[in-house]
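Here is the structure we will look at, set down as structure tokens.
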Protein chains: 2
Amino acid sequence: MNKVPGIDEIDLKIIGLLAEDAKIPYTEIAKKVYVSGGTVHVRMKKLEEMGVVLGSSLKIDYSKLGYDISAFLGIYLEKSSLYNQVAEQLKNIPEIVSIHYTTGNYNIFVKMYCKDTNHLKDVLHDKVQKIDGIERTETLITLEETLNRTIKFQ
Amino acid sequence: MNKVPGIDEIDLKIIGLLAEDAKIPYTEIAKKVYVSGGTVHVRMKKLEEMGVVLGSSLKIDYSKLGYDISAFLGIYLEKSSLYNQVAEQLKNIPEIVSIHYTTGNYNIFVKMYCKDTNHLKDVLHDKVQKIDGIERTETLITLEETLNRTIKFQ
DNA sequence: GTTGAAAAATTCCGCCG
DNA sequence: CGGCGGAATTTTTCAAC
């Protein structure tokens with residue numbers, strides 16, 4: 001399997017189980033992994049201190065909250081050295097949930113959620129396109145999301 | 001704000017808080033939102049039944065587990081009607097964590113994690129490229145991920 | 001890594017506005 | 001009916017081994 005110093009099979013199993021549902025009680029994890037509840041607690045604390053586990057979050061169906069459009073944005077910069085500066089501005093746009101500096105076609109790649117096509121148009125036109133250093137953008141609208149999981153380590 | 005039937009400000013605040021850290025105790029959420037712990041519990045149960053909240057998961061630093069490469073894959077299909085068929089095959093590749101059917105440049109857009117460039121090459125060559133119906137792919141390697149949050153509703 | 005016990009949170013239910 | 005409060009149950013958390 002995976003060779004990472006300081007992390008063993010048990011740690012990976014714990015992470016694997018909690019990645020699917022972060023609210024499973026440690027006592028239940030303990031049974032499945034054949035250790036005591038206290039050990040699961042100690043392991044998780046270690047993993048958090050190591051920075052392997054960064055926290056937990058809710059899985060949310062955005063469309064049920066009125067955010068019907070999930071889209072990716074490929075951004076071309078005028079100069080790739082502008083990344084940090086442009087990323088700072090992108091952070092201020094609440095519709096944007098992740099920002100990636102990438103090799104390949106685009107310089108920056110961004111994921112965002114919008115309520116509808118008008119909202120998307122507004123964000124693009126009034127917020128993204130106004131940022132200095134952005135040459136042009138390309139929009140990929142997600143029509144269907146088939147999968148959304150965490151990687152399997154076991 | 002947002003008009004979604006059956007969901008009010010309090011629900012959105014609860015979701016907002018738990019989206020940042022799914023393990024905050026309901027009693028603590030209750031204090032911040034000025035309702036009782038029982039009410040937070042009832043609200044969350046309602047949101048889960050409505051399918052707004054799909055569950056919870058761990059935020060994991062994949063690089064600390066030896067998965068140093070996060071990449072996107074833009075996939076061109078021979079015919080876009082092949083989506084379901086190809087998506088089924090992609091699901092069987094454990095390195096792939098999300099699959100999107102998109103408008104724009106690519107037909108399918110995929111996110112994946114690999115240990116290193118060799119691992120990435122293997123996945124592309126031995127797994128992805130072997131799938132029937134895929135014309136060609138384009139790889140965008142993430143050099144830096146600046147942001148990863150859930151959308152702010154409040 | 002385990003155990004056990006104190007502290008805290010969850011969860012459920014009857015009551016009230 | 002939605003929200004509250006309290007009580008039983010479960011979980012978390014921590015110290016000693």
Side-chain angles (χ1 to χ4, degrees), chain A residues 1-67 150 152-154, chain B residues 1-61 64-66 149-150 152-154:
Chain A
M1 230 306 312
N2 215 1
K3 267 279 122 298
V4 182
I7 293 172
D8 65 10
E9 283 292 306
I10 294 178
D11 293 322
L12 292 176
K13 276 188 193 159
I14 294 172
I15 292 175
L17 288 164
L18 288 172
E20 276 174 42
D21 181 357
K23 299 214 78 176
I24 300 175
Y26 288 180
T27 48
E28 203 173 311
I29 304 280
K31 280 181 227 157
K32 296 191 184 178
V33 184
Y34 306 110
V35 293
S36 74
T39 298
V40 176
H41 184 251
V42 171
R43 300 274 191 143
M44 279 301 289
K45 205 172 156 191
K46 175 193 74 179
L47 290 167
E48 280 167 19
E49 277 164 8
M50 288 173 75
V52 173
V53 171
L54 302 170
S56 56
S57 70
L58 285 190
K59 290 185 232 169
I60 293 166
D61 184 339
Y62 288 97
S63 71
K64 292 239 167 73
L65 286 174
Y67 284 74
T150 33
K152 279 267 142 292
F153 305 105
Q154 290 92 298
Chain B
M1 230 310 308
N2 215 1
K3 266 277 121 306
V4 182
I7 293 172
D8 65 11
E9 284 291 308
I10 294 177
D11 293 322
L12 291 177
K13 275 187 194 160
I14 294 172
I15 292 175
L17 288 165
L18 289 172
E20 278 175 41
D21 181 358
K23 299 215 77 176
I24 300 175
Y26 287 0
T27 48
E28 204 174 310
I29 304 281
K31 280 181 227 156
K32 296 193 183 176
V33 185
Y34 305 111
V35 293
S36 74
T39 299
V40 176
H41 183 250
V42 171
R43 299 276 190 141
M44 279 300 289
K45 206 172 156 192
K46 176 192 75 179
L47 290 167
E48 280 167 19
E49 276 164 9
M50 289 173 75
V52 174
V53 172
L54 302 171
S56 55
S57 70
L58 284 190
K59 291 185 230 167
I60 293 165
D61 184 338
K64 292 240 168 73
L65 286 174
R149 63 184 175 200
T150 33
K152 278 267 141 293
F153 306 104
Q154 289 90 300

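Note on naming: letters A, B, ... go to the chains in the order of the sequence lines (proteins, then strands), and numbering restarts at 1 for each one. Quantities reported herein were computed from a predicted structural model and do not represent experimental measurements.
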Hey, is the main chain of A/G6 close enough, under 3.5 Å, to the side chain of A/K46 for a donor-acceptor pair? yes
In chain order, what residues pass the ring pair (Phe, Tyr, Trp, His ring centres under 6.0 Å) check against A/Y26, with sequence neighbours excluded? none
Residue pairs, two or more places apart or on separate chains, that pass side-chain hydrogen bond (donor to acceptor under 3.5 Å, both in side chains) and touch residues 47-58 of chain A: A/S56-B/D21
When you compare the side chain of A/M44 with that of A/L18, does any pair of heavy atoms fall below 4.5 Å? yes
In chain order, what residues pass the side-chain contact (heavy atoms from CB on, under 4.5 Å) check against A/K31, with sequence neighbours excluded? none
I need the full list of salt bridge (charged side-chain N to carboxylate O under 4.0 Å, His left out) pairs touching residues 58-67 of chain A, with sequence neighbours left out, sorted by first then second residue. A/D61-A/K64
pair B/T150-A/L58: side-chain heavy atoms closer than 4.5 Å: no
Mind checking side-chain contact (heavy atoms from CB on, under 4.5 Å) for A/E20 and listing every partner two or more places apart, or none if nothing turns up? A/K152
For A/S36, all residues meeting side-chain contact (heavy atoms from CB on, under 4.5 Å), sequence neighbours excluded: A/T39
For a 4.0 angstrom threshold against heavy atoms of chain A, report the outermost contacting nucleotides of DNA chain C in 5' to 3' order. C/dG1 to C/dT3
Just to verify, what does B/K45 make a side-chain hydrogen bond (donor to acceptor under 3.5 Å, both in side chains) with, not counting sequence neighbours? none
Let me test you: for the helix from C/dG1-D/dC17 to C/dG17-D/dC1, what is the angle between the axes at its two ends (five pairs each), rounded to 10 degrees? 30°
Start and end of chain B contact along DNA chain D [non-hydrogen atoms, under 4.0 Å]: D/dG3 to D/dC4
Result for side chain to side chain contact (heavy atoms under 4.5 Å, CB included) between A/I10 and one of A/D8, A/I7, A/L12 points to A/D8
According to side-chain contact (heavy atoms from CB on, under 4.5 Å), who are the partners of B/A30, at least two apart in sequence or on a separate chain? B/V40
Close approaches to DNA chain C from residues 18-41 of chain B, in residue order (heavy atom, under 4.0 Å): B/P25, B/Y26, B/T27, B/H41
